[in-house]
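The structure appears below as structure tokens.
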2 protein chains.
Amino acid sequence: MELSERKKQILKAVVEHYIESAEPVGSKLLAQELGVSSATIRNELAELCELGFLEQPHTSAGRAPTPQGYRLYVNELMERRTVSAQEAERIDETLRDKLTNAGGAMANAGQLVSSIVNYPAYSVKRGNAALTVERFELLGVDERSFITVVMTSDKNVRSQLQQTALPFDAQRLGNLKHLLNTHFTGKSRAEMSTRLMSVSEQLAPELFLVVSKTVEYAAQVLDEAGRRDVETTGASRILTMPEYRDMDRAHELMTFLVDNKEQLPVPEGDAPLQVLIGPENVDAALRDTSVVVASYDIGEGMRGLVGVVGPTRMDYATVTARLAYFAESLSKMFGKGLPGKQENDNPEA
Amino acid sequence: MELSERKKQILKAVVEHYIESAEPVGSKLLAQELGVSSATIRNELAELCELGFLEQPHTSAGRAPTPQGYRLYVNELMERRTVSAQEAERIDETLRDKLTNAGGAMANAGQLVSSIVNYPAYSVKRGNAALTVERFELLGVDERSFITVVMTSDKNVRSQLQQTALPFDAQRLGNLKHLLNTHFTGKSRAEMSTRLMSVSEQLAPELFLVVSKTVEYAAQVLDEAGRRDVETTGASRILTMPEYRDMDRAHELMTFLVDNKEQLPVPEGDAPLQVLIGPENVDAALRDTSVVVASYDIGEGMRGLVGVVGPTRMDYATVTARLAYFAESLSKMFGKGLPGKQENDNPEA
DNA sequence: TTTAGCACTCGGGAGAAAAGAGTGCTAACA
DNA sequence: TGTTAGCACTCTTTTCTCCCGAGTGCTAAA
């Protein structure tokens, strides 16, 4: 059944007041706002309650939205705001300031979002499990150490200094490099391991030790790049919100954000923006929080993910607008002006 | 004036009870513990109050230690425990588990300590401002991109892929590398900048662009290595402590730990363990918290730093014992079994 | 110097009462 | 038929009071 126009108006007003005050809203306030009597409003409110959009904490209290109420609000009622010029300016500035400095964009994204929307936030680095090593390089340093350089198939480069038990001259290093590049490039982690075993038979033990160490390092690099990585920030912001006056609730959510961050929602589709309200979250610990999550383009067909976590009474209009703008800006930044990829995926000034 | 033996005993008992219960301790409990009458204890307590070691929240309450009381306790009264065998085992295990995985030791140290002592903790990566580039390497990838490898004077290696506007063949790359290694190694950040300017005159503009970009990257690497870096973890642990029942206090400390972590105490001397009690902290935000901070050896004359933050009612005996043991273990791990340095200073399995 | 005894202080908890906010229902009204 | 005014009712929150208990300081005796 479609709600009457007035009911929608009332529901919208209730949601917005509740979002602002965190307190059940009564008929009086609404009456004066909509220009009808409080009795009329009360009739409507009672019906909205029966329909499941509103609820009363107790008999003689005002109404608060149910998750279903928020859902309708987000889907239909909420004005789809775009950020104001000042907000845009502020976000752009934050982006410019922080992102050009050292430090991975992913790690920072959550932090930035959190400061932009004033809720806890998280960012997800999606791992690429299909990554392989594209090229090995070995640079001699002295007799017993050399630099291993590994370039992965997504053009990231990493390197480490490696000590060896036996002396390595330039020629040996060349041979080793050739061996690595012929046997261990373009291989998955698992393939690298099996290949390592088959190679072990053909090599002197001391040499094999060096090969295995180098391959191990490469595997480690791939692991790290392939790992899905979730970072949360701004968890302490919830302490200012009335729903987290209760220490236990606050503590529960905060420890969840820190210790179980891997379980934060990571929607599959490429929807630019997604809102999960209360019980729509699969994880029990999030059953009375809402999550807004946006994806952004990091180039080369890859997408990053940032999300915001807050009470169901979250300011959806503002959060969605700002988050959308943020994701858009970030996509743009990755699209252009990226001269080359660096170790930590951080774009260069 | 030196305190009588009995006064010390009483003070010690008060501190320990208060540490455990967070509630002012009365004469009755102490009387029964020390085998004298409560009246006697009361006299002693009154004197300890006058001397500034104890205080009363209000007239008819028990006594709680003042910072001065804690200080005496830590300096003289506290039994200098060593960790029990189980504790040691647990710490060793935690260390083995976490530290061998990917991820910098410094970043992890705080996290480990926090889980070991059950208070918020922080770790400091001391920057080395005197760092220079020891060696540049350039590895051609294709016509318009090459890998820059930078080895710093502390034998760390970092690398990035770099795009160029004009095509670069092997010979040009060789020249460029030679130029970088003759002009920009062993130089401080500032020197590198001035050297860059003087070099600019002798080079074609397109070539200079590439040089400057590479040098900029090197500078960035030095910056990052030179930056003092503080990481905090476990801030949410305070929410279970009675002194942070008050949301405002909890919020204040938590935001401080997140946003102002650079202001956490970093003692200068190489004392293995240092305790800062309440107002002994310079920072106002820490005036009613205590900090225990330990330094550990990361080899090559460098020292790392880990600290614990908690209420003045911190369990000093346990914390100092565990932290000392942790720092010692960490030093040992860095001392041996470190085959070579990696990018992130993480020891290899 | 220690102890028993006692009057006193103060915070915290239990109720009771009052205040306040908001409701549902009924009856009148346009 | 939808809207409104009025009113009794419900339930929470706040305030006030009272009382209890824990603990003290002081005094006088051992």
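Treat the numbers as computed from the prediction; the structure is a model and nothing was measured. Letters A, B, ... are given to chains in the order of the sequence lines, protein chains preceding strands, and every chain is numbered from 1.
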TODO: Grab the two heavy atoms, one from A:Leu11 and one from A:Leu48, that are nearest each other, plus how far apart they are.
DONE: N-CD1, 4.2 Å
Open item on the list: Taking A:Glu47 first and then A:Lys7, would you say they form a salt bridge - that is, a charged N and a carboxylate O separated by under 4.0 Å?
Closed with: yes
Task: Rounded distance in Å - CD (A:Gln32) to P (D:dA5) - done: 14 Å
Task: Spacing of A:Glu47 atom CD relative to D:dT3 atom P, expressed in whole Å - done: 10 Å
Open item on the list: Between B:Arg249 and B:Glu243, does any side-chain N to carboxylate O distance fall below 4.0 Å?
Closed with: no
Open item on the list: Between B:Glu87 (side chain only) and B:Ser84 (backbone N and O only), is there a donor and an acceptor less than 3.5 Å apart?
Closed with: yes
Open item on the list: Rounded to whole Å, please give me the gap between CG in B:Leu48 and P in D:dT24.
Closed with: 13 Å
Open item on the list: Taking the axis from the first five pairs and the axis from the last five, what angle separates them in the helix from C:dT1-D:dA30 to C:dA30-D:dT1, rounded to 10 degrees?
Closed with: 20°
Task: Value rounded to 0.5 Å, distance of OG1 in B:Thr40 from CZ in B:Arg6 - done: 6.0 Å
Open item on the list: Check A:Glu280 with A:Arg287, please: is the shortest side-chain N to carboxylate O separation under 4.0 Å?
Closed with: no
Task: From CA spacing to verdict: side chain to side chain contact (heavy atoms under 4.5 Å, CB included), A:Val319, A:Tyr119 - done: CA-CA 9 Å; A:Val319 168; A:Tyr119 289 100; 3.6 Å; yes
Task: Separation of atom CG in A:Leu45 from atom P in C:dA21, rounded to whole Å - done: 18 Å
- [ ] Look at the side chain of A:Gln56 and decide which nucleotide, out of C:dG24, C:dT3, D:dG25, has an atom nearest to it.
- [x] C:dG24
Task: Distance-only donor-acceptor test, A:Arg42 side-chain atoms vs D:dG2 base atoms, 3.5 Å - done: no
Open item on the list: In whole Å, I'd like the distance from the CD1 atom of B:Ile41 to the P atom of C:dG5.
Closed with: 18 Å
Report, one pair per line, the protein and nucleotides 9-16 of chain D atoms (nitrogen or oxygen only) whose separation is under 3.5 Å.
from	atom 1	to	atom 2	distance (Å)
D:dT10	O2	A:Ser60	OG	3.1
D:dC11	O4'	A:Ser60	OG	3.4
D:dC11	O2	A:Ser60	OG	3.1

Task: Nearest-Å distance for atom pair CD/C1', residues B:Glu50 and D:dT24 - done: 14 Å
TODO: Examine the side chains of B:Glu16 and B:Tyr73 and answer whether a donor and an acceptor come within less than 3.5 Å of each other.
DONE: yes
Open item on the list: Taking B:Ile116's backbone N and O only, do any of them form a donor-acceptor pair with B:Arg322's side chain (distance below 3.5 Å, no angle check)?
Closed with: yes
Open item on the list: With a 4.0 Å limit, can you tell me whether B:Arg63 has a side-chain N or O closer than that to the phosphate oxygens OP1/OP2 of D:dA22?
Closed with: no
TODO: Could you tell me whether B:Glu33 and B:Lys28 make a salt bridge, using a distance below 4.0 angstrom between a side-chain N and a carboxylate O?
DONE: no
Open item on the list: Can you pull out the residues from residues 17-31 of chain B that lie within a 4.0 Å heavy-atom distance of DNA chain D?
Closed with: B:Gly26, B:Ser27
Open item on the list: Measuring to OP1 and OP2 of C:dT3, would you say a side-chain N or O of B:Ser37 lies under 4.0 angstrom away?
Closed with: yes
TODO: Grab the CG-P distance between B:Asn43 and C:dT1 for me, whole Å please.
DONE: 11 Å
- [ ] Can you tell me the distance, in whole Å, between the CD atom of B:Glu44 and the P atom of D:dG23?
- [x] 19 Å
Open item on the list: For a quick check under 3.5 Å, do B:Ser290 and B:Tyr316 share a side-chain donor-acceptor pair by atom type?
Closed with: yes
Open item on the list: Looking at A:Ala285, is its backbone amide N or carbonyl O close enough to the side chain of A:Asp283 to form a donor-acceptor pair, meaning the two atoms are under 3.5 Å apart?
Closed with: yes
